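Model, not experiment: these values are computed from the prediction. Position 1 is the first residue of the sequence; numbering continues from there. First listed ligand is number 1; within each ligand, the first listed atom is number 1.
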Amino acid sequence: MDANNLFGKNAYFVDNTVEPCEITRLLNFGVQQMGLGILFLDENEKCVYANRHAFSLLHAEYSLDSVYKAFEDWMNKLGIERSSAAWTRLFENQERERLYKVRYRHLLDDNNKTIGHMYTIQNLSDIVENGSGEQYRLTHDDLTGLYNREGFAQAAQNKLKDATKPYLLLYSNIRDFKLFNQLFGLERGNDILINIADLMIQHVTDDDIYGRINGDHFALCMPKEDFTEKDFKKMVREITSKVTSKSYSLHMQIGVYEIKDPAMDITLMCDRAYMACKSIKKDGVCEIAWYSDEMLVNALLEKEILSSFDFAIINRQFGIYLQPQVYADGSLFGAEALARWIHPENGLIQPGVFIDVLERADLIYKLDRYIWELAALQLARWKDTERSEVAISVNVSPKDLYYLDIKKEFTELITRYKIDPRLLNIEITETAVTSDVNKCAKLILELQKAGFKVEIDDFGSGYSSLNMLKDINADVLKIDMGFLRKTENQTRARVILNYTIDMAHELGMSVVTEGVETKEQLEFLQDMGCTMFQGYYFDKPMPIEEFEEKYK
Ligand code: C2E
Ligand code: MG
Ligand code: MG
């Protein structure tokens with residue numbers, strides 16, 4: 001008999017001159033010595049082989065049926081799927097608990113036809129209980145049995161030390177996982193994590209190092225040559241589809257850091273991959289983003305802003321610049337107060353740098369409250385001067401609606417500074433309004449009743465501008481010319497602009513066009529019936545003293 005035929009193409013090193021039964025005897029002997037419990041099932045899932053270790057690990061009687069039954073009972077009790085690639089769980093019997101790691105392999109022939117199934121069982125109890133047990137606990141995650149942060153860092157460092165090819169570090173986040181835990185409970189959240197870990201093991205190779213770093217974050221260190229976005233996304237989709245149910249769809253975000261210096265601290269690599277991960281705004285089932293140095297610069301800046309923000313507020317480092325709001329002939333009717341950070345070391349910082357950061361960190365309300373107060377103070381100073389009729393508009397961030405009682409804040413300012421509410425105009429962005437139309441409609445009405453004018457800022461930048469107008473009755477529509485700059489089709493944009501201005505007027509709103517930069521813009525806006533403007537064509541935002549100097 002040809003031994004190669006018997007053992008298939010995989011058995012390259014079978015000596016044809018040795019009898020197959022002799023080879024079987026040798027293999028069996030080897031398998032008994034391996035220190036692992038081994039179970040083989042045939043293609044009909046009947047247990048056809050178990051080594052001695054399997055019997056003793058599973059405390060089974062000496063029959064194949066009983067050993068497999070003990071194994072199956074254990075799996076069923078834990079709720080583990082038969083084909084889970086690898087899992088580590090406690091095995092309990094009368095004597096004591098033991099920690100076993102089980103691996104599963106689906107055995108296929110050269111034509112991908114199932115020829116059987118193999119389970120290996122490794123007893124980890126000894127490592128856990130004697131000297132290295134402490135080590136095991138320190139480096140492994142209780143829940144999934146994967147490496148934890150320390151274990152992953154050590155293993156990845158070791159792998160990279162000897163690596164001869166470039167590696168990537170991938171870091172994953174499950175979108176809204178906190179929300180999932182709140183909705184469905186921690187236990188189901190844990191099930192998902194265990195599932196992901198089990199499925200992950202199925203897809204990795206021996207070259208990969210992987211672990212659960214914390215919470216819903218997994219990390220994977222793999223050779224660059226094995227990674228393509230397309231295949232990886234396919235794999236992630238496969239994993240997510242198994243976890244996704246009618247009530248929950250799992251979305252994975254993955255940040256990729258290409259390792260340039262293998263000696264770099266693994267934690268730093270994880271941070272960078274996570275930075276890339278956090279930059280993902282899209283909400284697909286699997287989104288991938290690569291780290292770039294720019295992200296690092298931004299993250300550092302963000303950190304710096306957040307750590308010095310409270311100090312800056314207390315030390316009055318924030319101030320307002322005023323941008324004139326004028327009629328076509330340049331005569332003044334108001335100004336918009338725009339925040340500026342006058343940093344003792346870095347100089348003047350524009351709001352583009354810090355507003356977003358503060359909004360993301362839910363801190364913007366502190367700044368806004370401060371800026372509103374500065375504006376109120378300014379109105380109080382102008383009260384009995386020639387500028388007593390000049391209004392100041394202030395900005396309200398969408399997040400303020402959730403953190404502050406806006407009406408209370410503004411009415412208190414009016415009382416404290418004894419100013420006319422007619423002059424403190426409140427700008428709410430269109431995006432804020434559309435995020436909760438009912439709440440905003442109510443708020444706007446209340447503010448108007450208290451005597452304030454409400455302006456819809458950046459009108460036209462969102463997607464449901466027109467729809468919103470039927471429910472919102474604001475005093476002023478601020479249309480930003482920025483949208484003209486962004487569009488390819490000027491003619492169409494101007495038609496839309498023209499109708500928007502007409503419509504606003506018909507709905508009883510005034511229109512202020514901001515971002516007016518050229519004479520040509522001013523002229524066509526005038527042709528469309530606009531009378532109030534704000535833009536560089538007239539003036540840029542400027543310090544209060546300069547404003548007072550210029551508009552006497
Ligand atoms: P915004 O409220 O729409 O303010 C108008 C912005 O457009 C200002 O930018 C202004 O300098 C700029 N601008 C005015 N005219 C022109 C022009 O002709 N051309 C161009 N290209 N730009 C023009 P700034 O001061 O950098 O503020 C940017 C944004 O930051 C503001 O947009 C507002 O959304 C936000 N912001 C500023 N201060 C505050 C604040 O105190 N609180 C909150 N929540 N947001 C603020
Ligand atoms: Mg504004
Ligand atoms: Mg605006």
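Within 4.0 Å of ligand 1, protein heavy atoms come from Gln323, Glu336, Leu338, Ala339, Arg340, Pro351, Ile355, Asp368, Ile371, Asn395, Ser397, Glu427, Asp457, Asp458, Arg485, Glu514, Gly515, Val516, Glu517, Gly535, Tyr536, Pro541.
Side-chain contact check for Gln378 and Glu548: at least one donor-acceptor pair (N or O, by modelled atom type) lies under 3.5 Å.
Other residues, nucleotides and ligands contribute only 12 or fewer heavy atoms inside 6.0 Å of the NZ atom of Lys234. The environment of Gln490 atom CD is dense: over 12 non-hydrogen atoms of other residues, nucleotides or ligands sit within 6.0 angstrom.
Taking a cut-off of 2.8 Å, the protein N, O or S atoms nearer than that to the Mg ion (ligand 2) are Glu336 OE2, Asn395 OD1, Glu427 OE1, Asp457 OD2.
Centroid-to-centroid, the aromatic rings of Phe227 and Trp290 come within less than 6.0 Å. Aromatic ring centroids of Trp372 and Phe452 lie 6.0 Å or more apart.
Proximity of Met532 to Glu514: side-chain heavy atoms (C-beta onward) are nowhere separated by under 4.5 Å. For the pair Asn395/Glu336, a side-chain contact is recorded, criterion being any heavy-atom separation below 4.5 Å from C-beta on.
Trp341 and Phe318 have tilted rings, their planes meeting at an angle from 30° to 60° on a 0 to 90° scale.
Stacking of Arg149 on the aromatic ring of Phe152 is not recorded, the 6.0 Å distance cut-off and the 45° axial limit not both being met.
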